[in-house]
Colleague: 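To start, I am sharing the structure in question, which I have written as structure tokens.
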Amino acid sequence: MTHTLCLAAGDILRALRGAACPSSALHLYSLFRLRLGPSVPPDFAWSAAAFALKPIAAASSLPLLSHFHGHLLRSNLLAYPHVASSLLRAYSLLSPPAAHQLFDQIPPTTCNIYVLNIMLASLCRSSDLGSARAFFDDIPDKDIVSWSTMLTCYFSRGHLADGLAFFRSVTFTTDIGVDGVMLATTLTACTSAGLPLPFCRAIHGYAVRGAIPPSMHLGTALIDFYSKAGRLDYAARVFALVPHRNVMHWTAMICGLASHLRNNEAVQMFEKMCQRRLQPNEMTFTAVLSACVNAGLVEKGREFFKLMVDRYCLEPNIHHYGCMVDLYAKAGLLEDAYEVIKTMKVEPNVIIWTSLLAACKKSKNFEIAVQGIEKALALEISDENAGLYMLISDLYAMGGRWDDVLKVRRLMDEHNVWKKRGLSSIHVHEPQDLSSVVVR
DNA sequence: ATAGGGTTAG
């Protein structure tokens, strides 16, 4: 008998709630059913089913989901709104048409505000804006999540003005009010649309007047917004005021420092965060590695990359590999850069090949260039790759391989690839002393 | 002990 069998039902439920992968969730679920048999109290039964559905949806396995759906039908669990809504959410993430079909079968008595909001979110992701809005208008007792979902729908489809008008109508025509989630999505939309600083600051002012704390998502959005607006000092102030500071806040702050080329401070913050036993995620590593690239900190970068894989068990993605290639390439360590490309577990992209080949050009290293070019030419030809093709043609010219130069030029002509002018949107401001605000 | 909306990357 395994020791898990000795767990009480409550313990199994708790474990089930925290289960990350579907196999352990399903294992715990069947253990739970086995222990309590058919006499399981209903509220225990439906919460177990609802918990199990979350990792199934996250693993995006449709066969697994329809199998579990069958079980729910056989055991009459679908009549519980919690189970119906969790199942609907799982389907909406894996197969929107199937979610629509399931929604039509849910009886009116089970169809509460949770079910309606999940269906609205599903339509926002998969259907057109008009259908989503029509569905929203038909929801009888809209709550803050209904409004929040619709608001996100406008912004995610680029309807900034309509979204802002919708935001105003929440405050003027309803008594629902606005919360930190709505402010975070609004602020993010305004930031990425490049709206002027005073306008975006007004959103922060709104939160302050409404006594909405800069916790969780709002805090992250504010730190990111102020960094991008060139006000690292404000970003640091928000960071210092966040009530329950988490990885996202640290990551946004490290990102901000790195993008302002305050590289050593970015590295210091990263190290401080690790000392405080906070688990950095893959985004945190992208930020700190890019700081290492900016500052040419080869050894630090190498150390952090190793830390990410060995200590934090994170799988490096294209951004991480890109940083490592750039780090070595800029330091003239072309063998190391090419070694990263050869051993990486994802396909190298244009950025990575450009980084390597630009370094080859600079230090006139043709051996590695020739090997890289052959593989880089396998990429799909598009406008985005124009710079890479120019680089390849330059390298061939430097090596005196004129027939190959012509070949690349002809390739560019055939596919009508033009070199576009790049525009830099990065503004670097005067350094400010942040030491008093960043650390508390 | 109870579902749903959301934040970060050249």
Side-chain angles (χ1 to χ4, degrees), chain A residues 9-10 13-14 16-17 41-51 53-54 57 80-90 92-93 110 112-122 124-125 136 139 142-153 155-156 178-189 191-192 214-225 227-228 235 242 246-256 258-259 280-291 293-294 317-320 322-323 325-326 349-352 354-355 384 387 422 424-426:
Chain A
L13 269 187
R14 245 190 306 283
L16 191 54
R17 193 169 54 148
D43 46 341
F44 271 64
W46 59 246
S47 48
F51 289 154
L53 277 162
K54 215 169 186 161
Y80 296 100
H82 284 74
V83 179
S85 64
S86 301
L87 183 69
L88 185 66
R89 196 180 107 87
S92 81
L93 296 173
T110 314
N112 63 14
I113 189 67
Y114 289 89
V115 173
L116 291 167
N117 286 341
I118 291 165
M119 192 57 214
L120 175 63
S122 177
C124 284
R125 280 190 297 266
F136 170 81
I139 296 178
K142 297 184 247 305
D143 67 2
I144 196 158
V145 177
S146 322
W147 284 87
S148 179
T149 306
M150 196 62 228
L151 182 71
T152 308
C153 191
F155 290 144
S156 67
V178 167
D179 66 0
V181 174
M182 291 174 96
L183 287 173
T185 55
T186 307
L187 184 61
T188 305
T191 306
S192 54
S215 53
M216 305 295 288
H217 298 88
L218 179 57
T220 312
L222 282 168
I223 294 167
D224 181 57
F225 151 62
S227 306
K228 284 181 178 147
V242 168
N246 67 22
V247 193
M248 302 299 188
H249 304 116
W250 283 85
T251 302
M253 198 63 228
I254 295 168
C255 257
S259 66
N281 62 28
E282 61 250 326
M283 221 75 90
T284 323
F285 277 103
T286 307
V288 76
L289 287 175
S290 72
V293 173
N294 296 337
N317 63 27
I318 191 80
H319 301 287
H320 304 127
C323 283
V325 171
D326 220 15
N349 59 15
V350 198
I351 299 167
I352 286 177
T354 307
S355 168
E384 328 243 294
S424 171
S425 59
I426 299 170

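Naming: A, B, ... by sequence-line order, numbering from 1 per chain. None of the values given here were measured: they were computed from a predicted structure.
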Colleague: Is the distance from OP1 or OP2 of B:dA3 to the nearest side-chain N or O of A:R89 less than 4.0 Å?
Modeller: no
Colleague: For a quick test of reading the model: is some side-chain N or O of A:R17 closer than 4.0 Å to OP1 or OP2 of B:dA1?
Modeller: no
Colleague: Provide, to the nearest angstrom, the distance between the CZ atom belonging to A:F44 and the C1' atom belonging to B:dA3.
Modeller: 17 Å
Colleague: Between A:H249 and A:V242 (side chain of the first, backbone of the second, donor and acceptor by atom type, cut-off under 3.5 Å), is there such a pair?
Modeller: no
Colleague: Would you mind classifying the nucleic acid contact of A:N112 as base, sugar-phosphate or nothing, using non-hydrogen atoms under 4.0 angstrom?
Modeller: base
Colleague: Sub-3.5 Å donor-acceptor pair from the side chain of A:S92 to the main-chain atoms of A:R89, do we have one?
Modeller: yes
Colleague: Between C1' on B:dT8 and CE on A:M216, what's the gap in Å once rounded to a whole number?
Modeller: 13 Å
Colleague: Using whole Å, what does the distance between atom P of nucleotide B:dT8 and atom CG of A:L218 come to?
Modeller: 12 Å
Colleague: Could you tell me how far apart A:M248 (CE) and B:dA9 (C1') are, to the nearest whole angstrom?
Modeller: 13 Å
Colleague: Between B:dT2, B:dA9, B:dG5, which one does the side chain of A:D224 approach most closely?
Modeller: B:dA9
Colleague: Look at the side chain of A:V181 and decide which nucleotide, out of B:dA3, B:dG6, B:dA9, has an atom nearest to it.
Modeller: B:dG6
Colleague: How many Å lie between CG on A:N281 and P on B:dT7, as a whole number?
Modeller: 15 Å
Colleague: Give one of base, sugar-phosphate or nothing for A:I351, where a contact means two heavy atoms less than 4.0 Å apart.
Modeller: nothing
Colleague: Indicate, with a heavy-atom threshold strictly under 4.0 Å, whether A:S47 touches base, sugar-phosphate, or nothing.
Modeller: nothing
Colleague: Would you indicate which nucleotide in B:dG5, B:dA3, B:dT8 comes nearest to any side-chain atom of A:K228?
Modeller: B:dT8
Colleague: What's the CG-C1' distance between A:N246 and B:dT7, to the nearest Å?
Modeller: 9 Å
Colleague: Is any side-chain heavy atom of A:T191 less than 4.5 Å from a side-chain heavy atom of A:L187?
Modeller: yes
Colleague: Look at the side chain of A:S148 and the base of B:dG5, then say whether one donor and one acceptor between them are separated by less than 3.5 Å.
Modeller: yes
Colleague: A:H320 has an atom NE2; how far is it from atom P of B:dT8, in whole Å?
Modeller: 16 Å
Colleague: Report which part of the nucleic acid A:S85 touches: base, sugar-phosphate, or nothing (heavy-atom distance under 4.0 Å, all strands).
Modeller: base
Colleague: Would a distance-only check, ignoring hydrogens and angles, find a side-chain to backbone donor-acceptor pair under 3.5 Å from A:D224 to A:S227?
Modeller: no
Colleague: Which part of the nucleic acid does A:W46 contact within heavy-atom distance under 4.0 Å: base, sugar-phosphate only, or nothing?
Modeller: base
Colleague: Over all strands shown, is A:T149 touching base, sugar-phosphate only, or nothing at heavy-atom distances under 4.0 angstrom?
Modeller: sugar-phosphate
Colleague: Go through B:dT8, B:dG5, B:dG4 for me and flag the one nearest to the A:I144 side chain.
Modeller: B:dG5
Colleague: Output the rounded distance in Å from CG (A:L151) to P (B:dG4).
Modeller: 20 Å
Colleague: Between A:K142 (side chain) and A:F136 (backbone), is there a donor-acceptor pair under 3.5 Å?
Modeller: yes
Colleague: Where do A:V115 and A:S85 come nearest, in terms of heavy atoms and distance?
Modeller: CG2-CB, 3.9 Å
Colleague: Using a 4.0 Å heavy-atom cut-off, does A:T286 contact any base of the nucleic acid, only the sugar-phosphate backbone, or nothing at all?
Modeller: base
Colleague: Which nucleotide sits closest to the side chain of A:F51: B:dT8, B:dT2, B:dG6?
Modeller: B:dT2
Colleague: Is A:I254 touching bases, backbone alone, or none of the nucleic acid, heavy atoms closer than 4.0 Å?
Modeller: nothing
Colleague: Determine, answering yes or no, if A:Y114 is stacked on B:dA3 under the 5.5 Å centre rule and the 30° plane rule.
Modeller: yes
Colleague: Where the side chain of A:I118 is concerned, which of B:dT8, B:dG6, B:dG4 is the nearest nucleotide?
Modeller: B:dG4
